[in-house]
Structures are given as structure tokens and as C-alpha cells.
Undergrad: 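Please find one structure pasted underneath; my questions will follow.
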Amino acid sequence: MNHKRIPRIGIGGPVGSGKTMLIEQFVPLLSQKGYKTAIISNDVVSKIDADRMRKNLASERGLLPESLVIGLATGGCPHTAVREDPSMNISVVEEIEAKHNTDLDLIIIESGGDNITTTFSPALADYFIYIIDVSSGDKYPRKRGLGIENCDLLVINKIDIAPYIGADLKVMENDAKVVRKNKPYVFVNCKTGQGVQEVAEHIIKDVLFEEPPKTVINKTA
Amino acid sequence: MLVIKNIIGNITTDKQLEEKYELMNSKGSSEKVTITRLETQKLRMRKNTDKGSDLAFVFEHNPQLRHGDVIYLDENKMILLELEPEYVGIITLKDTDKNDQVFLLSIKIGHNLGNLHRPIQVTKNQVMFPLQAETELEMLKKLFAPFNRFIEIKTDHMVFEPEEEHHIHEH
Ligand SMILES: Nc1nc2c(ncn2[C@@H]2O[C@H](COP(=O)(O)OP(=O)(O)OP(=O)(O)O)[C@@H](O)[C@H]2O)c(=O)[nH]1
Ligand SMILES: [Mg+2]
């Protein structure tokens, strides 16, 4: 490796829990602060999530170059591509790192929708966000599982629909406290962006170490 | 924010460092930072010590952090890294001498633990591996029921460090 590692976060969670929408919500917040990001979106066979983010974040809003939203169709078990054999993702990440050493602050990797035991290989991602939603009721996070317990940040999404499901957010919050010990969790609504600021703050503190954006550092240097 | 880029040594293998730790600890100059086994290979993370020091870990290669690593040392301060204890399963082979089935048993036990994607730690007649929850003990007892006469299965809450760290697939 002759290039410097760019901080990387992995985002995992069950199918449809809001991984893509969460990225669509926090990338603009990081962008406002001057942080430049790249996105890799894994899926089993399709690339529609990557296409959607490229359109929403790159083409329409110009928050990042279109070439930095990359879709990866991994086939097979989604978690193998981010944990057991992350070579495909790592080679894409390293290609990005080689080209964007001086301007890129963060690489975001969305895993394919998967079961509750997903984690990211530490060789691939430095920080792991696991996102669940309230649509299956308030039994999660009490049911635990590797992702829910061990991720660096647990995000509980779709709080707007909790009343329709009969999911008690208070119950989920108490369980999250017990299961996660001192590790953080955040309730969000990715449709409106409610709570997402807090997610961005965790990323800035725990992944970016509150350092200024690279383009700012390199300009003054 | 204190940036940690390398490991100074480990007090369980370095006698001098252990003495240094005892000394500094007695003077109240030691701090501890606790991580989980799953975090031992992270290249980048931010943590607080028990006394509130703000640490930023930045490594170029897999650091393979270990229980007892000294990650910072100056005249006034030593920071020690600890692993959080977790539930482990322990399978003990009974009566090894008389057991003519050792080969078969070892293969079966290894096959089952491999199927569960667990890292292991092996001693002369024992194998240890992490449990995701204490409740897994019941599942294990069922799984190994045919071998009840030859093995004992129990659980403990302790720091677990695999033989050699390899890619782990736990589900
Ligand atoms: N009501 C409500 N719907 C949401 C919220 N967040 C996401 N959704 C909807 O949930 C669906 C799935 O969202 P995605 O962001 O595509 O989920 P994902 O986890 O990326 O899905 P996969 O990648 O296919 O596993 C979409 O139809 C979103 O509109 C929310 O906070 N509230
Ligand atoms: Mg998606």
C-alpha cells in the first residue's frame, strides 16, 4: 500500500431498513461542513440503490462527482462481500484512495440488505453503523444479534410509522440501553431527516476525529 | 486527543513492563481503555479511558490488539488496553488415556465448531470458543449429545483471545 487510508464507514442492516436513505440524508450534512465523500453500494444483483444516490446526490445536487457513487453487484450472501471476503470492496476502495488522496475525507460502504448478524471486516471499514427500523415492532433491539450489539452506532429508523405498528419507542430505547451498554444509538426518520444530524455528529467525532476537511487543510498548507 | 499509532508492549509477556505498570498503578498514574474482541483489528477508532482521556487509534496495518497491551507511556502516565470479558463455551475431553475415540471426537467437535464459524483456543484436552449469548450453551449440549460420555461442556465469562486471528464468520 503506497497510499494513505481514507476513513471508511460501513452501513449494514436488514433489507429495506433505510441504509440508502440514511446515506442520502447525512451526505448533505457532511457536505455542508466541507467534507467530501464517496459511496459504494453493495447489492446482490441490482445496482438501483447506487443509481438512485448518483442521481439524487451527484447529478442533481452536485455534492460529489458521479464517478464516486459506485454500485457493486456481489451475488451470493451479501454479508460475505463485506466480511469474509471483502476483496472486491477493498479493491474498489483502494482505487478510490489512490486517486483521491488529497481531497476525499470519507468513504461510505452500504452492504446488501442482510440478516441481523452482519458485521464489517475491520480490513474494510473502520466504523460500523447498523440500521434497523420499527416496522417489525419493538422486539428489536431486545432480540440482539451481532450487528445490533456490536456496531459502533445503532440507528433505529422510521419512527414516524411506530404508532401504526404499535411499536413502543420507549421500550426500544430501554432495550437499546441494556443491549448496547455504553455504545450509542440514535432514533431517526429518514423521510424527514429527523435525528440524522446526530448521526452526522457521531461520524465527525468518532471517524473523522473532528479534523477539518482535507481540501481545507491542503489549501492552507 | 491523544493519537495512538503503535503498541509499546504487553504486560503479560514483558516482565519489565509489568513491573513498570505495577509501579505506576500504585501511584495512580495508570489508565485503562476497554475494547471488545471484535475491535482488536480496527485500524481507526476513538475511545475514552476510564479516567476520560480521549484516544484516537490510527494504525497502518492490522494491529491485532491484545489484552494487556501498553498503548501509551510517559513519565506521568501509562495507558493499558483491556478486552471486555465475554461468554465462552469450554469443551473438555474426559479421560484422554482410556479414550480410544479421541480422533473421531476431535474431528466431530472441530467440524461442529467450524460450522458455527467460531474462532478457537485449544489446550491439551480443552477447546474454548466465544458464545454469542449464554443461551447458546443449551444448543451446544444438544449438538454434542451423542458424545456426552466423553466430553464435558460448560461456560465461563472471561477474556477470550483466539489462537491466531483469522477471518471470523459468526452467525
Ligand atoms: N415511513 C418511512 N419510510 C422510510 C423511512 N426511511 C426509509 N423509508 C422507506 O423504506 C424503503 C426502503 O428504504 P431504503 O433506503 O431503500 O432501504 P435500504 O436499507 O437501503 O434497502 P436495501 O438496500 O434494498 O436493503 C423506502 O421505500 C423508503 O422510502 C422512514 O424514516 N420512514
Ligand atoms: Mg439500499
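Below, chains carry the letters A, B, ... as their sequence lines are ordered, and counting in each starts from 1.
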Undergrad: Give me the one residue out of B:Met45, B:Arg44, B:Gln41, B:Glu39 that meets side-chain contact (heavy atoms from CB on, under 4.5 Å) with A:Pro122.
TA: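 With A:Pro122 as partner, side-chain contact (heavy atoms from CB on, under 4.5 Å) holds for just one option, B:Gln41.
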Undergrad: Measuring from B:Leu55:CG to A:Phe209:CZ, what's the distance to the nearest 0.5 Å?
TA: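 One finds 10.0 Å between CG of B:Leu55 and CZ of A:Phe209.
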Undergrad: Select one option (side chain, backbone, both, neither) describing which atoms of A:Leu208 are under 4.5 Å from chain B's heavy atoms.
TA: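 A:Leu208 touches chain B through backbone heavy atoms alone.
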Undergrad: Count the heavy atoms belonging to other residues, nucleotides or ligands that lie under 6.0 Å from NZ of B:Lys108, then report whether that count exceeds 12.
TA: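 No - once you tally the heavy atoms of other residues, nucleotides and ligands closer than 6.0 Å, there are 12 at most.
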Undergrad: Looking at CZ of A:Phe128 and NZ of B:Lys42, how far apart are the two atoms once the value is rounded to the nearest 0.5 Å?
TA: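 Going from CZ on A:Phe128 over to NZ on B:Lys42, the span is 9.0 Å.
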Undergrad: How about NZ on B:Lys51, more than 12 heavy atoms from neighbouring residues, nucleotides or ligands closer than 6.0 Å, or not?
TA: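 Result for NZ/B:Lys51: enclosed.
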Undergrad: If I take atom NZ from residue A:Lys181 and atom OG1 from residue B:Thr34, how far apart are they, to the nearest 0.5 angstrom?
TA: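 The NZ atom of A:Lys181 sits 11.0 Å away from the OG1 atom of B:Thr34.
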Undergrad: Side chain from CB out, backbone as N, CA, C, O: work out which of these in B:Val58 comes under 4.5 Å of a heavy atom of chain A, or both, or neither.
TA: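 The answer is the side chain of B:Val58.
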Undergrad: Any chance you could measure B:Arg37, atom CZ, to A:Asn150, atom CG, to the nearest 0.5 Å?
TA: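 Reported to 0.5 Å precision, the distance equals 8.5 Å.
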Undergrad: For the atom pair CZ (A:Arg5) and NE2 (B:His61), what is the distance rounded to the nearest 0.5 Å?
TA: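 Here the interatomic distance stands at 11.0 Å.
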Undergrad: Does atom CG of B:Asp74 have more than 12 heavy-atom neighbours, drawn from other residues, nucleotides or ligands, at distances under 6.0 Å?
TA: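 Yes - once you tally the heavy atoms of other residues, nucleotides and ligands closer than 6.0 Å, there are more than 12.
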Undergrad: Looking at A:Lys205, I'd like to know if its NZ atom is crowded, meaning that more than 12 non-hydrogen atoms belonging to other residues, nucleotides or ligands lie closer than 6.0 Å.
TA: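 Counting neighbours around NZ of A:Lys205, more than 12 heavy atoms of other residues, nucleotides or ligands fall under 6.0 Å, so yes.
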Undergrad: Atom NZ of residue position B:Lys47 - does it have more than 12 heavy atoms of other residues, nucleotides or ligands inside 6.0 Å?
TA: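 Yes, the 6.0 Å shell around NZ holds more than 12 heavy atoms from other groups.
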Undergrad: If I measure from the heavy atoms of chain B, does A:Asp85 come under 4.5 Å with its side chain, its backbone, both, or neither?
TA: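 It is neither, since no heavy atom gets under 4.5 Å.
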Undergrad: Look up atom CD in A:Glu149 and atom CD in B:Gln132, then write down how far apart they are to the nearest 0.5 Å.
TA: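 With rounding to 0.5 Å, CD (A:Glu149) is 8.0 Å from CD (B:Gln132).
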Undergrad: Give, as side chain, backbone, both or neither, the part of A:Tyr127 having an atom under 4.5 angstrom from any heavy atom of chain B.
TA: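 For A:Tyr127, the contact with chain B is made by the backbone alone.
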